[in-house]
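Just the heavy atoms: all of them, side chains too, but no hydrogens, waters or symmetry mates, feed the values below. Nothing fancy with the numbering, it's 1 onward along the sequence.
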Amino acid sequence: MRNIVEAILSEDASSEDIGALSVPESYRGAVVLAAESEMFDGMATRDKTPAKALHIQQVATPEIGPDEVLVAVMASSVNYNTVWTSIFEPVPTFGFLQRYAKTVPGATKHDQPFHVVGSDLSGVVLRTGAAVRTVKPGDRVVAHCLNVELTAPDGHDDSMLDPEQRIWGFETNYGGLGELALVKANQLMPKPKHLTWEEAACSGLVHSTAYRQLVSRNGADMKQGDVVLIWGAAGGLGSYATQLVLNGGGIPVCVVSSPRKAELVRSMGAELVIDRSSADLRFWSDEHTQNPREWKRFGGMVRELTGGEDPDIVFEHPGRETFGASVYAARRGGTIVTCASTSGYEHTYDNRHLWMRLKRIVGTHFANYREAWEANRLIARGMVHPTLSTVYALNDVGQAVSKVHANRHDGKVGVLCLAPGPDQGVQDRDMRERLLPQLTRFRTAHP
(Lines give C-alpha, C1' and ligand atoms only; values in the text may rest on other atoms or scores of the structure.)
Protein backbone atom coordinates (compact mmCIF):
# COMPACT_ATOMS: atom_id res chain seq x y z
CA MET A 1 0.00 0.00 0.00
CA ARG A 2 2.92 2.33 0.71
CA ASN A 3 4.15 1.94 -2.89
CA ILE A 4 0.69 2.84 -4.20
CA VAL A 5 0.52 6.01 -2.11
CA GLU A 6 4.06 7.06 -3.08
CA ALA A 7 3.29 6.59 -6.78
CA ILE A 8 0.09 8.64 -6.52
CA LEU A 9 1.76 11.45 -4.57
CA SER A 10 4.70 11.64 -6.95
CA GLU A 11 2.37 12.76 -9.78
CA ASP A 12 5.01 11.52 -12.23
CA ALA A 13 3.79 7.93 -12.43
CA SER A 14 2.32 6.97 -15.79
CA SER A 15 -0.74 4.82 -16.38
CA GLU A 16 1.60 1.93 -17.06
CA ASP A 17 3.48 2.57 -13.80
CA ILE A 18 0.25 2.59 -11.76
CA GLY A 19 -1.05 -0.48 -13.57
CA ALA A 20 2.17 -2.36 -12.80
CA LEU A 21 1.96 -1.77 -9.06
CA SER A 22 1.22 -4.80 -6.92
CA VAL A 23 -2.24 -4.77 -5.39
CA PRO A 24 -2.23 -5.89 -1.75
CA GLU A 25 -4.14 -9.00 -0.76
CA SER A 26 -6.00 -7.04 1.91
CA TYR A 27 -6.67 -3.47 2.96
CA ARG A 28 -8.10 -1.48 5.87
CA GLY A 29 -11.80 -0.71 5.68
CA ALA A 30 -14.56 0.64 7.92
CA VAL A 31 -16.97 -2.23 8.50
CA VAL A 32 -20.03 -3.29 10.40
CA LEU A 33 -20.30 -6.96 11.37
CA ALA A 34 -23.24 -9.30 10.84
CA ALA A 35 -22.56 -10.87 14.24
CA GLU A 36 -23.32 -7.52 15.90
CA SER A 37 -26.45 -6.59 13.94
CA GLU A 38 -28.68 -7.02 17.00
CA MET A 39 -26.50 -5.00 19.37
CA PHE A 40 -28.91 -2.04 19.50
CA ASP A 41 -32.17 -3.98 19.67
CA GLY A 42 -34.70 -2.30 21.95
CA MET A 43 -32.87 1.02 22.03
CA ALA A 44 -34.28 4.33 20.81
CA THR A 45 -32.64 5.62 17.63
CA ARG A 46 -31.16 8.64 19.40
CA ASP A 47 -29.40 6.38 21.92
CA LYS A 48 -27.69 4.16 19.36
CA THR A 49 -23.98 4.91 18.92
CA PRO A 50 -22.47 4.35 15.45
CA ALA A 51 -18.94 4.32 16.89
CA LYS A 52 -19.75 1.10 18.76
CA ALA A 53 -20.70 -0.73 15.56
CA LEU A 54 -18.04 0.58 13.19
CA HIS A 55 -14.66 -1.15 13.14
CA ILE A 56 -11.48 -0.61 11.16
CA GLN A 57 -10.19 -4.01 10.09
CA GLN A 58 -8.32 -5.79 7.33
CA VAL A 59 -10.53 -6.87 4.44
CA ALA A 60 -9.57 -9.27 1.66
CA THR A 61 -9.24 -7.39 -1.63
CA PRO A 62 -12.18 -8.47 -3.82
CA GLU A 63 -11.93 -9.96 -7.28
CA ILE A 64 -12.54 -7.46 -10.08
CA GLY A 65 -15.41 -8.26 -12.44
CA PRO A 66 -15.38 -7.47 -16.19
CA ASP A 67 -17.22 -4.12 -15.75
CA GLU A 68 -15.62 -3.20 -12.42
CA VAL A 69 -12.75 -1.02 -11.25
CA LEU A 70 -10.54 -1.18 -8.18
CA VAL A 71 -9.78 2.32 -6.86
CA ALA A 72 -7.14 3.47 -4.41
CA VAL A 73 -9.27 5.67 -2.14
CA MET A 74 -7.56 8.89 -1.11
CA ALA A 75 -10.60 10.30 0.70
CA SER A 76 -14.26 9.63 1.36
CA SER A 77 -17.09 11.25 3.31
CA VAL A 78 -19.92 10.46 5.71
CA ASN A 79 -23.48 10.22 4.41
CA TYR A 80 -26.62 9.47 6.33
CA ASN A 81 -26.89 6.03 4.78
CA THR A 82 -23.72 5.12 6.68
CA VAL A 83 -25.44 6.29 9.86
CA TRP A 84 -28.33 3.93 9.06
CA THR A 85 -25.98 1.05 8.31
CA SER A 86 -24.03 1.58 11.52
CA ILE A 87 -27.13 1.57 13.75
CA PHE A 88 -28.78 -1.24 11.72
CA GLU A 89 -31.83 0.84 10.81
CA PRO A 90 -34.36 0.42 9.37
CA VAL A 91 -32.93 -3.08 8.85
CA PRO A 92 -29.39 -4.50 8.87
CA THR A 93 -27.82 -4.09 5.43
CA PHE A 94 -26.61 -7.70 5.30
CA GLY A 95 -29.97 -8.66 3.79
CA PHE A 96 -29.20 -6.32 0.88
CA LEU A 97 -25.83 -7.99 0.35
CA GLN A 98 -27.33 -11.47 0.45
CA ARG A 99 -29.98 -10.59 -2.12
CA TYR A 100 -27.45 -8.93 -4.42
CA ALA A 101 -25.23 -12.01 -4.25
CA LYS A 102 -28.01 -14.09 -5.83
CA THR A 103 -28.76 -11.79 -8.77
CA VAL A 104 -25.88 -11.68 -11.25
CA PRO A 105 -22.67 -13.64 -11.84
CA GLY A 106 -19.79 -12.24 -9.81
CA ALA A 107 -21.99 -10.69 -7.13
CA THR A 108 -21.51 -13.54 -4.64
CA LYS A 109 -18.40 -11.78 -3.28
CA HIS A 110 -20.64 -9.10 -1.74
CA ASP A 111 -22.23 -11.57 0.69
CA GLN A 112 -19.76 -11.44 3.58
CA PRO A 113 -20.00 -11.40 7.40
CA PHE A 114 -18.71 -7.82 7.17
CA HIS A 115 -19.93 -4.80 5.22
CA VAL A 116 -17.42 -2.16 4.07
CA VAL A 117 -19.50 1.03 4.14
CA GLY A 118 -19.29 4.39 2.41
CA SER A 119 -20.93 5.87 -0.70
CA ASP A 120 -18.40 8.54 -1.73
CA LEU A 121 -14.78 8.54 -2.82
CA SER A 122 -12.04 10.39 -4.58
CA GLY A 123 -9.00 8.44 -5.65
CA VAL A 124 -6.95 6.86 -8.40
CA VAL A 125 -7.79 3.90 -10.62
CA LEU A 126 -5.57 0.89 -9.88
CA ARG A 127 -7.08 -1.95 -11.90
CA THR A 128 -9.87 -2.27 -14.46
CA GLY A 129 -11.96 -5.26 -15.54
CA ALA A 130 -11.62 -6.79 -18.98
CA ALA A 131 -14.66 -4.95 -20.41
CA VAL A 132 -13.79 -1.48 -19.08
CA ARG A 133 -12.96 1.14 -21.72
CA THR A 134 -13.81 4.46 -20.04
CA VAL A 135 -11.05 4.70 -17.42
CA LYS A 136 -7.49 3.40 -17.05
CA PRO A 137 -4.97 2.97 -14.21
CA GLY A 138 -3.71 6.31 -12.97
CA ASP A 139 -6.92 8.25 -13.70
CA ARG A 140 -7.98 10.59 -10.90
CA VAL A 141 -11.66 10.01 -10.27
CA VAL A 142 -14.65 10.59 -8.03
CA ALA A 143 -17.53 8.14 -7.77
CA HIS A 144 -21.28 8.46 -7.75
CA CYS A 145 -23.13 5.76 -5.83
CA LEU A 146 -25.54 4.33 -8.44
CA ASN A 147 -24.94 0.62 -8.94
CA VAL A 148 -27.20 -0.68 -11.69
CA GLU A 149 -27.28 -3.73 -13.96
CA LEU A 150 -29.47 -2.26 -16.77
CA THR A 151 -30.74 -5.66 -17.83
CA ALA A 152 -34.43 -4.70 -17.56
CA PRO A 153 -36.27 -2.32 -19.92
CA ASP A 154 -37.42 0.03 -17.14
CA GLY A 155 -33.91 1.29 -16.46
CA HIS A 156 -33.17 2.42 -19.99
CA ASP A 157 -35.36 5.52 -19.71
CA ASP A 158 -34.20 6.38 -16.19
CA SER A 159 -31.65 4.06 -14.59
CA MET A 160 -33.00 4.87 -11.13
CA LEU A 161 -36.13 2.93 -12.12
CA ASP A 162 -34.21 -0.24 -12.92
CA PRO A 163 -35.32 -3.11 -10.65
CA GLU A 164 -31.64 -3.96 -10.06
CA GLN A 165 -30.70 -0.41 -8.99
CA ARG A 166 -28.70 -0.25 -5.76
CA ILE A 167 -26.73 2.28 -3.75
CA TRP A 168 -23.05 1.37 -3.68
CA GLY A 169 -21.62 1.09 -0.18
CA PHE A 170 -25.11 0.74 1.31
CA GLU A 171 -26.74 -2.04 -0.70
CA THR A 172 -23.41 -3.36 -2.00
CA ASN A 173 -20.14 -4.21 -0.28
CA TYR A 174 -16.64 -2.73 -0.65
CA GLY A 175 -17.70 0.90 -0.27
CA GLY A 176 -15.66 4.07 -0.12
CA LEU A 177 -14.66 4.21 3.55
CA GLY A 178 -11.53 2.14 3.11
CA GLU A 179 -8.12 2.19 1.48
CA LEU A 180 -9.49 0.43 -1.62
CA ALA A 181 -12.98 0.31 -3.13
CA LEU A 182 -14.73 -1.71 -5.81
CA VAL A 183 -17.06 0.16 -8.17
CA LYS A 184 -18.65 -0.30 -11.57
CA ALA A 185 -16.81 1.62 -14.29
CA ASN A 186 -19.86 3.76 -15.03
CA GLN A 187 -19.80 5.12 -11.48
CA LEU A 188 -16.57 7.00 -12.10
CA MET A 189 -16.28 10.64 -13.16
CA PRO A 190 -13.27 12.97 -13.48
CA LYS A 191 -11.99 14.45 -10.23
CA PRO A 192 -12.34 18.27 -10.28
CA LYS A 193 -8.78 19.52 -10.67
CA HIS A 194 -9.02 22.51 -8.31
CA LEU A 195 -10.12 20.44 -5.32
CA THR A 196 -8.23 18.54 -2.66
CA TRP A 197 -8.90 14.83 -2.26
CA GLU A 198 -11.21 15.42 0.70
CA GLU A 199 -13.13 18.24 -0.99
CA ALA A 200 -13.62 16.19 -4.13
CA ALA A 201 -14.89 13.22 -2.11
CA CYS A 202 -17.70 14.98 -0.29
CA SER A 203 -20.12 15.99 -3.08
CA GLY A 204 -21.02 12.85 -5.03
CA LEU A 205 -24.00 11.53 -3.12
CA VAL A 206 -25.57 14.67 -1.66
CA HIS A 207 -25.04 17.00 -4.60
CA SER A 208 -26.35 14.48 -7.14
CA THR A 209 -29.34 13.82 -4.89
CA ALA A 210 -30.12 17.53 -4.56
CA TYR A 211 -29.67 18.01 -8.32
CA ARG A 212 -32.25 15.34 -9.13
CA GLN A 213 -34.63 16.63 -6.47
CA LEU A 214 -34.58 20.21 -7.65
CA VAL A 215 -33.23 20.62 -11.18
CA SER A 216 -34.05 17.40 -13.03
CA ARG A 217 -37.34 16.77 -14.76
CA ASN A 218 -37.40 13.61 -12.63
CA GLY A 219 -37.72 15.84 -9.56
CA ALA A 220 -39.22 19.28 -9.07
CA ASP A 221 -38.02 20.70 -12.44
CA MET A 222 -37.18 24.04 -10.80
CA LYS A 223 -37.43 27.17 -12.93
CA GLN A 224 -36.21 30.73 -12.50
CA GLY A 225 -38.11 32.66 -9.86
CA ASP A 226 -39.37 29.60 -7.98
CA VAL A 227 -39.57 30.04 -4.22
CA VAL A 228 -37.91 26.97 -2.70
CA LEU A 229 -38.21 26.09 0.99
CA ILE A 230 -35.06 24.21 2.04
CA TRP A 231 -34.99 22.28 5.30
CA GLY A 232 -31.58 21.85 6.93
CA ALA A 233 -30.00 24.38 4.58
CA ALA A 234 -26.62 24.28 6.34
CA GLY A 235 -26.40 20.48 6.29
CA GLY A 236 -25.11 18.04 3.68
CA LEU A 237 -28.07 17.99 1.29
CA GLY A 238 -29.33 21.47 2.12
CA SER A 239 -26.04 23.26 1.52
CA TYR A 240 -25.97 21.97 -2.07
CA ALA A 241 -29.68 22.62 -2.56
CA THR A 242 -29.16 26.25 -1.53
CA GLN A 243 -26.41 26.67 -4.13
CA LEU A 244 -28.48 25.02 -6.87
CA VAL A 245 -31.46 27.28 -6.18
CA LEU A 246 -29.30 30.40 -6.22
CA ASN A 247 -27.53 29.24 -9.42
CA GLY A 248 -30.83 28.49 -11.11
CA GLY A 249 -32.42 31.85 -10.44
CA GLY A 250 -34.67 30.58 -7.66
CA ILE A 251 -35.42 32.16 -4.30
CA PRO A 252 -34.28 29.94 -1.41
CA VAL A 253 -35.99 30.13 1.95
CA CYS A 254 -33.48 28.41 4.22
CA VAL A 255 -34.49 26.70 7.46
CA VAL A 256 -31.65 26.08 9.93
CA SER A 257 -31.30 25.07 13.57
CA SER A 258 -29.05 27.76 15.09
CA PRO A 259 -27.98 31.39 14.67
CA ARG A 260 -24.51 30.25 13.59
CA LYS A 261 -25.97 28.12 10.82
CA ALA A 262 -28.17 31.04 9.80
CA GLU A 263 -25.07 33.16 9.27
CA LEU A 264 -23.44 30.32 7.35
CA VAL A 265 -26.24 30.08 4.77
CA ARG A 266 -26.35 33.87 4.49
CA SER A 267 -22.65 33.77 3.61
CA MET A 268 -23.61 31.53 0.67
CA GLY A 269 -25.86 34.27 -0.68
CA ALA A 270 -29.21 33.24 0.81
CA GLU A 271 -31.16 36.20 2.17
CA LEU A 272 -34.33 34.57 3.51
CA VAL A 273 -33.55 32.48 6.59
CA ILE A 274 -35.61 30.96 9.40
CA ASP A 275 -33.81 29.83 12.54
CA ARG A 276 -35.98 27.10 14.05
CA SER A 277 -34.35 27.43 17.46
CA SER A 278 -35.04 31.17 17.73
CA ALA A 279 -38.57 30.75 16.38
CA ASP A 280 -39.17 27.87 18.84
CA LEU A 281 -41.13 25.91 16.25
CA ARG A 282 -42.83 22.84 17.72
CA PHE A 283 -44.66 20.90 15.03
CA TRP A 284 -45.46 18.04 17.41
CA SER A 285 -47.34 18.55 20.69
CA ASP A 286 -46.21 15.12 21.81
CA GLU A 287 -44.86 11.96 20.21
CA HIS A 288 -48.20 11.15 18.58
CA THR A 289 -49.88 14.54 17.99
CA GLN A 290 -48.99 17.24 15.50
CA ASN A 291 -49.79 20.91 16.04
CA PRO A 292 -51.47 22.49 12.97
CA ARG A 293 -51.30 25.92 14.63
CA GLU A 294 -47.52 25.68 14.36
CA TRP A 295 -47.83 24.79 10.67
CA LYS A 296 -49.86 27.96 10.20
CA ARG A 297 -47.39 30.05 12.18
CA PHE A 298 -44.52 28.64 10.15
CA GLY A 299 -46.34 29.33 6.87
CA GLY A 300 -46.83 32.91 8.02
CA MET A 301 -43.11 33.25 8.69
CA VAL A 302 -42.34 32.06 5.16
CA ARG A 303 -44.83 34.48 3.60
CA GLU A 304 -43.46 37.35 5.65
CA LEU A 305 -39.99 36.71 4.20
CA THR A 306 -41.17 36.26 0.60
CA GLY A 307 -43.57 39.19 0.41
CA GLY A 308 -46.66 37.03 0.68
CA GLU A 309 -45.67 34.09 -1.51
CA ASP A 310 -45.88 30.42 -0.53
CA PRO A 311 -43.15 28.02 -1.70
CA ASP A 312 -43.42 26.63 -5.22
CA ILE A 313 -41.17 23.78 -4.10
CA VAL A 314 -40.45 22.29 -0.68
CA PHE A 315 -37.10 20.47 -0.48
CA GLU A 316 -37.92 17.71 2.03
CA HIS A 317 -35.54 15.29 3.70
CA PRO A 318 -36.08 15.40 7.50
CA GLY A 319 -39.28 13.38 7.05
CA ARG A 320 -41.54 12.66 10.00
CA GLU A 321 -40.72 15.76 12.02
CA THR A 322 -41.38 18.29 9.26
CA PHE A 323 -43.52 16.63 6.60
CA GLY A 324 -46.88 17.83 7.87
CA ALA A 325 -45.60 21.41 7.88
CA SER A 326 -44.12 20.96 4.40
CA VAL A 327 -47.41 19.82 2.88
CA TYR A 328 -49.22 22.69 4.59
CA ALA A 329 -46.70 25.37 3.56
CA ALA A 330 -46.41 24.56 -0.16
CA ARG A 331 -48.38 26.83 -2.44
CA ARG A 332 -51.57 25.77 -4.24
CA GLY A 333 -50.37 23.48 -7.03
CA GLY A 334 -46.90 23.34 -5.46
CA THR A 335 -44.51 20.40 -5.16
CA ILE A 336 -43.10 18.66 -2.10
CA VAL A 337 -40.06 16.72 -3.29
CA THR A 338 -38.82 14.22 -0.74
CA CYS A 339 -35.99 11.83 0.04
CA ALA A 340 -34.14 10.40 3.04
CA SER A 341 -36.47 10.96 6.07
CA THR A 342 -33.67 11.36 8.60
CA SER A 343 -36.11 12.05 11.47
CA GLY A 344 -38.37 9.09 10.67
CA TYR A 345 -39.97 7.25 7.76
CA GLU A 346 -43.64 7.37 8.78
CA HIS A 347 -44.96 10.68 7.47
CA THR A 348 -48.22 12.10 8.78
CA TYR A 349 -49.94 15.07 7.15
CA ASP A 350 -53.42 16.49 6.63
CA ASN A 351 -54.40 15.25 3.19
CA ARG A 352 -56.92 18.08 2.76
CA HIS A 353 -54.03 20.47 2.23
CA LEU A 354 -52.68 18.20 -0.50
CA TRP A 355 -55.84 17.16 -2.26
CA MET A 356 -57.96 20.32 -2.09
CA ARG A 357 -55.04 22.59 -3.02
CA LEU A 358 -53.82 20.35 -5.85
CA LYS A 359 -50.33 19.90 -4.47
CA ARG A 360 -48.16 16.92 -5.36
CA ILE A 361 -45.55 14.82 -3.57
CA VAL A 362 -42.62 13.59 -5.64
CA GLY A 363 -40.34 10.88 -4.29
CA THR A 364 -36.73 11.00 -5.46
CA HIS A 365 -33.75 8.80 -4.73
CA PHE A 366 -30.12 9.64 -5.54
CA ALA A 367 -29.66 10.31 -9.30
CA ASN A 368 -29.11 8.56 -12.58
CA TYR A 369 -25.71 8.57 -14.29
CA ARG A 370 -26.52 11.60 -16.47
CA GLU A 371 -27.76 13.63 -13.50
CA ALA A 372 -24.70 12.71 -11.43
CA TRP A 373 -22.40 13.65 -14.33
CA GLU A 374 -24.14 17.02 -14.75
CA ALA A 375 -23.86 17.70 -11.03
CA ASN A 376 -20.15 16.84 -11.07
CA ARG A 377 -19.65 19.15 -14.06
CA LEU A 378 -21.00 22.07 -12.00
CA ILE A 379 -18.45 21.27 -9.31
CA ALA A 380 -15.62 20.97 -11.84
CA ARG A 381 -16.49 24.33 -13.41
CA GLY A 382 -16.59 26.07 -10.03
CA MET A 383 -20.31 26.85 -10.22
CA VAL A 384 -21.18 24.79 -7.13
CA HIS A 385 -18.70 24.29 -4.31
CA PRO A 386 -18.06 21.49 -1.81
CA THR A 387 -19.34 22.27 1.67
CA LEU A 388 -16.70 20.37 3.61
CA SER A 389 -16.54 21.43 7.25
CA THR A 390 -14.37 18.88 9.08
CA VAL A 391 -12.03 16.04 8.19
CA TYR A 392 -11.29 12.86 10.14
CA ALA A 393 -8.75 10.10 9.75
CA LEU A 394 -10.01 6.66 8.73
CA ASN A 395 -9.22 5.37 12.22
CA ASP A 396 -11.69 7.91 13.63
CA VAL A 397 -14.56 7.14 11.27
CA GLY A 398 -16.79 5.99 14.15
CA GLN A 399 -16.49 9.40 15.74
CA ALA A 400 -17.23 11.09 12.41
CA VAL A 401 -20.38 9.04 11.80
CA SER A 402 -21.57 9.58 15.37
CA LYS A 403 -21.23 13.32 14.84
CA VAL A 404 -23.50 13.19 11.78
CA HIS A 405 -25.97 10.95 13.64
CA ALA A 406 -26.22 13.56 16.40
CA ASN A 407 -26.52 16.43 13.87
CA ARG A 408 -23.46 18.11 15.36
CA HIS A 409 -22.01 19.05 11.99
CA ASP A 410 -22.28 21.58 9.19
CA GLY A 411 -22.18 20.71 5.51
CA LYS A 412 -20.17 17.57 4.89
CA VAL A 413 -17.79 15.55 7.06
CA GLY A 414 -14.78 14.16 5.19
CA VAL A 415 -12.57 11.15 5.92
CA LEU A 416 -8.96 10.73 4.79
CA CYS A 417 -8.27 7.17 3.67
CA LEU A 418 -4.93 6.82 1.84
CA ALA A 419 -4.20 10.54 1.68
CA PRO A 420 -1.49 11.13 4.31
CA GLY A 421 -2.89 14.54 5.20
CA PRO A 422 -5.40 17.20 4.18
CA ASP A 423 -5.06 19.79 1.41
CA GLN A 424 -3.41 17.50 -1.15
CA GLY A 425 -4.34 16.45 -4.67
CA VAL A 426 -4.85 19.90 -6.23
CA GLN A 427 -3.87 20.17 -9.91
CA ASP A 428 -5.35 23.54 -10.96
CA ARG A 429 -3.99 25.96 -8.36
CA ASP A 430 -4.97 29.11 -10.25
CA MET A 431 -8.63 28.13 -10.26
CA ARG A 432 -8.39 27.10 -6.62
CA GLU A 433 -6.90 30.43 -5.59
CA ARG A 434 -9.72 32.26 -7.34
CA LEU A 435 -12.41 30.19 -5.59
CA LEU A 436 -10.73 29.74 -2.20
CA PRO A 437 -13.23 31.80 -0.14
CA GLN A 438 -16.13 29.65 -1.40
CA LEU A 439 -14.18 26.41 -1.00
CA THR A 440 -13.26 27.11 2.61
CA ARG A 441 -16.48 28.78 3.75
CA PHE A 442 -17.77 25.85 5.78
CA ARG A 443 -14.36 25.02 7.25
CA THR A 444 -13.63 28.57 8.42
CA ALA A 445 -17.13 28.83 9.88
CA HIS A 446 -16.76 25.60 11.85
CA PRO A 447 -16.05 26.25 15.55
Distance-only donor-acceptor check, side chains Y211 and S216, under 3.5 Å: no
N/O donor-acceptor pair under 3.5 Å between S122 side chain and W197 backbone: yes
Pi-cation contact, W231 with R276 (under 6.0 Å, within 45°): no
Over 12 foreign heavy atoms within 6.0 Å of CD, Q58: yes
Sequence neighbours left out, cut at 3.5 Å: what donor-acceptor pairs do the side chains of residues 247-255 make with other protein atoms?
{"unit_1": "N247", "atom_1": "ND2", "unit_2": "M383", "atom_2": "O", "d": "2.7"}

Within-4.5 Å side-chain heavy-atom neighbours: E374 and R370: yes
Side-chain donor/acceptor of Q243 to backbone N/O of H385, under 3.5 Å: yes
Q57 backbone acceptor or donor facing H55 side chain under 3.5 Å: no
Parallel, tilted or perpendicular: rings of W295 and Y328 (30°, 60°): tilted
Under 3.5 Å: donor-acceptor pair, side chain of S10, backbone of A7: yes
R212 with D158: basic N within carboxylate O range, under 4.0 Å: yes
Any side-chain donor near an acceptor of the partner, D162 and S159, under 3.5 Å: no
Worked verdict on Q165 versus N147 for side-chain hydrogen bond (donor to acceptor under 3.5 Å, both in side chains): CA-CA 6 Å; Q165 174 271 322; N147 175 297; over 6 Å; no
N/O donor-acceptor pair under 3.5 Å between S326 side chain and T322 backbone: yes
Worked verdict on T338 versus H317 for side-chain hydrogen bond (donor to acceptor under 3.5 Å, both in side chains): CA-CA 6 Å; T338 179; H317 56 96; over 6 Å; no
N81 versus S119, side-chain donor and acceptor atoms under 3.5 Å: yes
Donor-acceptor contact below 3.5 Å, side chain N291 vs main chain R293: yes
Trace of the salt bridge (charged side-chain N to carboxylate O under 4.0 Å, His left out) decision for K193 with D430: CA-CA 10 Å; K193 293 183 178 181; D430 290 340; over 6 Å; no
Between E171 and T93: side-chain donor-acceptor atoms closer than 3.5 Å: no
Matching residue for H110 among W168, Y100, F170 - test: ring-ring contact (aromatic ring centres under 6.0 Å, His included): Y100
K412 and its side-chain contact (heavy atoms from CB on, under 4.5 Å) partner, picked from V391, L205, L237, D120: D120
S341 and H347: side chain donor to acceptor below 3.5 Å: yes
Aromatic ring pairing W84/Y345, orientation class (parallel under 30°, perpendicular over 60°, tilted between): tilted
